[in-house]
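Along the sequence shown, the residues carry numbers beginning at 1. Everything numeric in this text was worked out from a predicted model, so none of it was measured.
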Amino acid sequence: MKYLSLILIILISSSLRSEMINLECKTQSQNSERINTFSLLLGTETKKAVQILKKGQLTMDLSIQEEYFEVGQFTDTSQTDLIVVLRINKTTLEIEYAKYMELVEPILCVKL
């Protein structure tokens, strides 16, 4: 009985901890090489995202939708209206929208 209750406590506590999703995002070039574009760290509990670029890092807000992770900036403290900078498909981990980038080549992310 003690063993079973210990396993149950461990399972419940592990599901309650905040999840951090670390993504490595790369662009596929014409010759099928993958070029490292940036990294993303998504905090699903904190609702914050960090985009790590060669020149530095940006901290943004994270909105989790049914099909997408949306990264951007909320317009006010009510956190209802998000100005989306990146939209990442949750299933394919492909960036389907990037406000400040041309998506000529697909940007695919890999979960680390």
Side-chain angles (χ1 to χ4, degrees):
M1 187 65 174
K2 286 183 181 181
Y3 184 74
L4 183 61
S5 61
L6 180 62
I7 291 176
L8 185 61
I9 290 172
I10 291 172
L11 288 174
I12 291 173
S13 65
S14 67
S15 67
L16 292 177
R17 66 185 172 101
S18 64
E19 183 179 356
M20 298 295 285
I21 301 171
N22 192 0
L23 299 175
E24 184 83 21
C25 300
K26 298 181 180 186
T27 305
Q28 187 163 343
S29 66
Q30 295 289 341
N31 57 3
S32 297
E33 272 187 31
R34 305 275 294 156
I35 300 168
N36 190 16
T37 307
F38 55 86
S39 297
L40 276 173
L41 186 59
L42 306 176
T44 57
E45 273 304 305
T46 61
K47 302 290 193 247
K48 293 290 181 187
V50 178
Q51 183 180 15
I52 304 166
L53 306 160
K54 290 180 183 176
K55 295 180 181 181
Q57 64 183 31
L58 300 168
T59 302
M60 296 177 274
D61 296 312
L62 174 66
S63 175
I64 302 171
Q65 304 300 320
E66 190 173 319
E67 295 181 36
Y68 297 101
F69 293 114
E70 293 182 332
V71 177
Q73 189 68 46
F74 285 111
T75 57
D76 58 19
T77 56
S78 68
Q79 297 188 344
T80 55
D81 191 23
L82 181 74
I83 299 170
V84 178
V85 175
L86 295 172
R87 184 173 292 125
I88 306 148
N89 186 306
K90 287 170 109 176
T91 307
T92 64
L93 296 179
E94 180 177 349
I95 295 179
E96 295 184 358
Y97 172 79
K99 185 171 186 158
Y100 300 110
M101 302 166 123
E102 277 190 58
L103 293 177
V104 178
E105 305 292 335
I107 299 176
L108 300 173
C109 299
V110 177
K111 198 174 190 181
L112 300 177

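To the nearest 0.5 angstrom, Lys47 atom NZ is 4.0 Å from Ile64 atom CD1. Note: Leu62 CG to Lys48 NZ = 9.5 Å, rounded to the nearest 0.5 Å. Between atom OG1 of residue Thr92 and atom CD of residue Glu67 there is a gap of 10.0 Å, rounded to the nearest 0.5 Å. One distance of note links CD1 of Ile95 with CG of Leu108; it measures 8.5 Å at 0.5 Å rounding.
At distances below 3.5 Å, at least one donor-acceptor pair connects side-chain atoms of Thr44 with backbone N or O atoms of Glu19. When atom types are taken as modelled, the side chain of Lys90 and the backbone of Gln65 share a donor-acceptor pair closer than 3.5 angstrom.
Grouping the Ile, Leu, Val, Met, Phe, Trp and Tyr side chains by contacts below 4.5 angstrom, directly or via other members, places Leu53 apart from Tyr97.
When every heavy atom of Asp61 is checked against every heavy atom of Phe74, the shortest pair comes out as OD2-N, 3.0 Å. The two residues Ile107 and Thr27 come nearest to each other via the heavy atoms CG1-OG1, 3.7 Å. When all heavy atoms of Glu94 and Pro106 are compared, the pair lying nearest together is OE2-CB, 3.8 Å. The two atoms that bring Met60 and Val71 nearest to each other are CE-CG1, 3.5 Å, heavy atoms only.
The side-chain contact (heavy atoms from CB on, under 4.5 Å) test with Leu40 is passed by exactly one of Leu93, Ile52, Ile88: Ile88. Of the listed residues (Leu82, Leu86, Val85), just one forms a side-chain contact (heavy atoms from CB on, under 4.5 Å) with Glu70, and that residue is Leu82.
Between Leu58 and Phe38, the closest side-chain pair of non-hydrogen atoms is not below 4.5 Å. Using a 4.5 Å cut-off on side-chain heavy atoms (C-beta onward), Ile83 and Thr75 make contact. Residues Leu23 and Lys111 are in side-chain contact: their nearest non-hydrogen atoms beyond the backbone lie under 4.5 Å apart. Within the 4.5 Å cutoff, no side-chain heavy atoms of Lys99 are placed close to those of Val84.
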